[in-house]
Amino acid sequence: MKEPKVHVGILFEPQIEFILLNPYRINGMEISGKQVVTYNEGRILWNGRLYDELLFEPVNEATDAFELLDVTIGINFHWERKEDQRFLGSLKIIVENKKLTGINVIHIEDYLTSVISSEMSATASLELLEAHAVISRSWLLAQIHKNKEITETQAEYSAFTQTDEELIRWYDREDHTRFDVCADDHCQRYQGITRASTEIVKQAIAATRGQVLTSDGKICDARFSKCCGGAFEEFQYCWENVKYSYLTKQRDWSKSATSYKLRVTSAMQNDSAALVAGSSSLVADSPLPDLTQEAKAEHWIRTSPEAFCNTTDKKVLSQVLNNYDQETTDFYRWKVVYTQEELSALILKRSGIDYGQIIDLVPIARGTSGRLWKLKIVGTKKTLTIGKELEIRRTLSTSHLYSSAFVVDKEDISPEGIPARFILTGAGWGHGVGLCQIGAAVMGEQGYKYDAILLHYYIGASIEKLYE
C-alpha cells in the first residue's frame with residue numbers, strides 16, 4: 001500500500017485566518033498570502049463567495065507550508081494559550097457545530113515527525129524514539145480504522161452508563177467524526193513544523209518507516225502512559241469492555257531477554273511474516289500478584305517492588321518528562337493528603353455532585369495493575385459509585401490524580417464518623433495500559449533494542465511493515 005494521509009483537526013473557530021506561505025491550488029487557481037474564512041449561516045464565506053467546503057492544496061507537497069493564526073493549544077489544561085502554527089500539506093476548511101474547523105491533511109510520516117518531537121524530550125534515546133514511532137503510527141492507523149467502522153456501520157458508540165447507585169464513564173476520542181485525530185493532548189500533541197524536529201527524531205521515524213504493531217491480523221490499538229507503577233493495566237478497565245490479547249497483565253520487569261527473532265518483511269509483497277517473539281520477548285522472573293484482590297493490591301501499592309519504571313534517575317526521567325514535570329521524581333509511588341474541607345469542596349467542584357462531608361472512599365473494583373475502576377464515595381448527603389479510572393482521577397484532583405492505583409487512610413475520625421484527613425498512597429502515573437514510557441526509557445538505557453521494548457509491553461504482538 002501507499003503511505004496513507006491523516007486528517008488532523010487543528011482549529012475550531014467562527015473565523016479562521018491563515019497565510020499561504022507558498023502557492024497553493026484551489027478550484028483550478030493558484031493563490032498565496034493571507035486569507036480569511038468566516039462561518040456564515042451554515043456555510044463558509046471566502047473572498048465574497050459562499051462554499052460548503054474548501055481545500056487548499058500545495059503545489060510542491062514536500063516543501064510548501066501554511067500558517068494558521070491564533071491556534072489554541074493545551075485545551076482545558078492549566079497552560080492553555082494561543083499561538084501561530086505552521087504546517088506542511090493541505091488545508092481543508094469544513095463547517096462543524098456552527099463553527100469552522102481547520103483540518104491539516106498530511107502524510108503520516110510527516111505527522112509522526114511532529115508528534116514524536118512534541119511528545120518526547122530532546123534527550124530521549126534512539127531506541128525509545130523508535131519504539132514510540134511504531135506505537136504512534138499503530139495507534140493512529142487503528143483509530144482511523146475504528147472511525148471508518150463506526151461511520152460505515154453507523155454503530156452506536158456510548159462511553160457512559162448511569163443508575164441511581166453508579167456513574168461509570170470513560171474518555172476516548174469518540175467525538176471526532178469529521179477528521180481522524182485532533183492536534184491536542186486529547187489525541188496526540190501535534191504542532192506541524194512550528195518547532196524544529198531534531199535529527200534523532202527524523203532518524204527514528206526513517207528507521208521504522210511503515211512499521212506497525214499487529215495482532216490477529218489487525219493493527220494494535222497501541223496505548224501508552226507515563227508510568228505503569230510496576231504492573232500493566234488491561235484495556236477494558238479503562239475504556240470500553242473489550243479485551244485485547246496484546247494489552248494484558250504482566251510485571252514491568254525482567255532480568256533477561258529471551259531470544260527473539262527478527263523477520264521484517266514488506267506487506268506490499270504479500271508476506272505475512274513479521275517481527276515474531278513467541279509468547280513475549282521478555283519473561284518476568286517473579287509472577288504478578290492478583291492485584292484485583294484488595295489485600296494484594298494494598299500490599300503492592302504500599303511497597304516498592306522492583307520494576308523497570310521504579311527509578312528516580314533524572315537522566316532517564318528527562319527523556320520522558322518535560323522540565324516542569326521534573327520537580328518531583330515520585331511517580332512510581334506517591335502520596336496526597338486532603339483535609340475534610342479540601343476533599344469535600346474538591347469533589348463538589350469537580351463532579352457537580354454534593355455528597356456533603358466525605359465519610360469514606362471505598363474501593364469496589366480494581367484492574368490488573370491495582371488501578372481502581374470503581375470507587376464508592378460515601379458522603380453525609382449522598383453515596384455514589386464512580387468509574388472508570390480517569391473519572392476517578394478527575395474527581396479527586398484539581399487536574400488529574402497521578403493514577404487510580406491508590407489506597408486510602410483516614411485520620412482523626414470524629415464521634416460522628418467524619419474523618420478530618422484522607423491520605424491517598426498511590427502507584428504510577430496515567431492509565432498504565434500498553435507501553436510505560438519511564439520503563440521503556442530505562443530499558444533503552446539498559447541496552448534493549450526498540451523491538452524488544454515493544455514486545456515486552458505489547459504481549460504476543462508482531463511488528464509488520466505496511467508500506468515502503
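Reckoned from all heavy atoms, side chains included, excluding hydrogens, waters and symmetry mates.
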Participant: With a 4.0 Å cut-off on N to O distance, would you call Glu391 and Arg169 a salt bridge?
Facilitator: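 Yes.
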Participant: Does this structure show an ion pair linking Arg366 with Glu294, if we count only N-O contacts that are shorter than 4.0 Å?
Facilitator: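 So Arg366 pairs with Glu294 through a salt bridge.
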Participant: Indicate yes or no: at least one non-hydrogen side-chain atom of Lys388 is less than 4.5 angstrom from one of Lys374.
Facilitator: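 Side-chain contact under 4.5 Å: no.
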Participant: If you draw a 6.0 Å radius around NZ in Lys82, do more than 12 non-hydrogen atoms from other residues or ligands fall strictly inside?
Facilitator: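 More than 12 within 6.0 Å, yes.
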Participant: Taking only Lys NZ, Arg NE, NH1 and NH2, and the carboxylate oxygens of Asp or Glu, determine whether Glu240 and Lys146 approach each other closer than 4.0 Å.
Facilitator: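 Salt bridge between Glu240 and Lys146, a charged N being under 4.0 Å from a carboxylate O: yes.
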Participant: With a sphere of 6.0 Å drawn around CG of Asp216, does it hold more than 12 non-hydrogen atoms of other residues, nucleotides or ligands?
Facilitator: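 Not more than 12 within 6.0 Å, no.
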Participant: Before accepting this row, confirm whether a basic side-chain N of the pair Lys449/Glu130 lies closer than 4.0 Å to the acidic partner's carboxylate O.
Facilitator: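 No, no charged N to carboxylate O under 4.0 Å.
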Participant: Determine which pairs satisfy salt bridge (charged side-chain N to carboxylate O under 4.0 Å, His left out) with at least one residue from residues 412-438, sequence neighbours left out, and list them in order.
Facilitator: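 The answer is Glu411-Arg421, Asp412-Arg421.
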Participant: Give every residue pair that meets the side-chain hydrogen bond (donor to acceptor under 3.5 Å, both in side chains) criterion with at least one member in residues 343-358, sequence neighbours excluded.
Facilitator: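 Sorted pair list: Asp354-Lys381.
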Participant: May I ask you to decide whether Asp221 forms a salt bridge with Arg223, counting only side-chain N to carboxylate O separations under 4.0 Å?
Facilitator: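 Salt bridge present between Asp221 and Arg223.
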Participant: In terms of ring plane angle, is the pair Phe12 and Phe179 parallel, tilted or perpendicular, where the classes change at 30° and 60°?
Facilitator: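 Phe12 vs Phe179 ring planes: tilted.
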Participant: Strictly distance-based, threshold 3.5 Å: is any side-chain N or O of Ser215 a donor or acceptor partner for the main-chain N or O of Cys220?
Facilitator: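 Absent.
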Participant: Check the surroundings of atom CD in Gln162: do more than 12 heavy atoms from other residues, nucleotides or ligands lie under 6.0 Å from it?
Facilitator: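 Check passes, neighbour count above 12.
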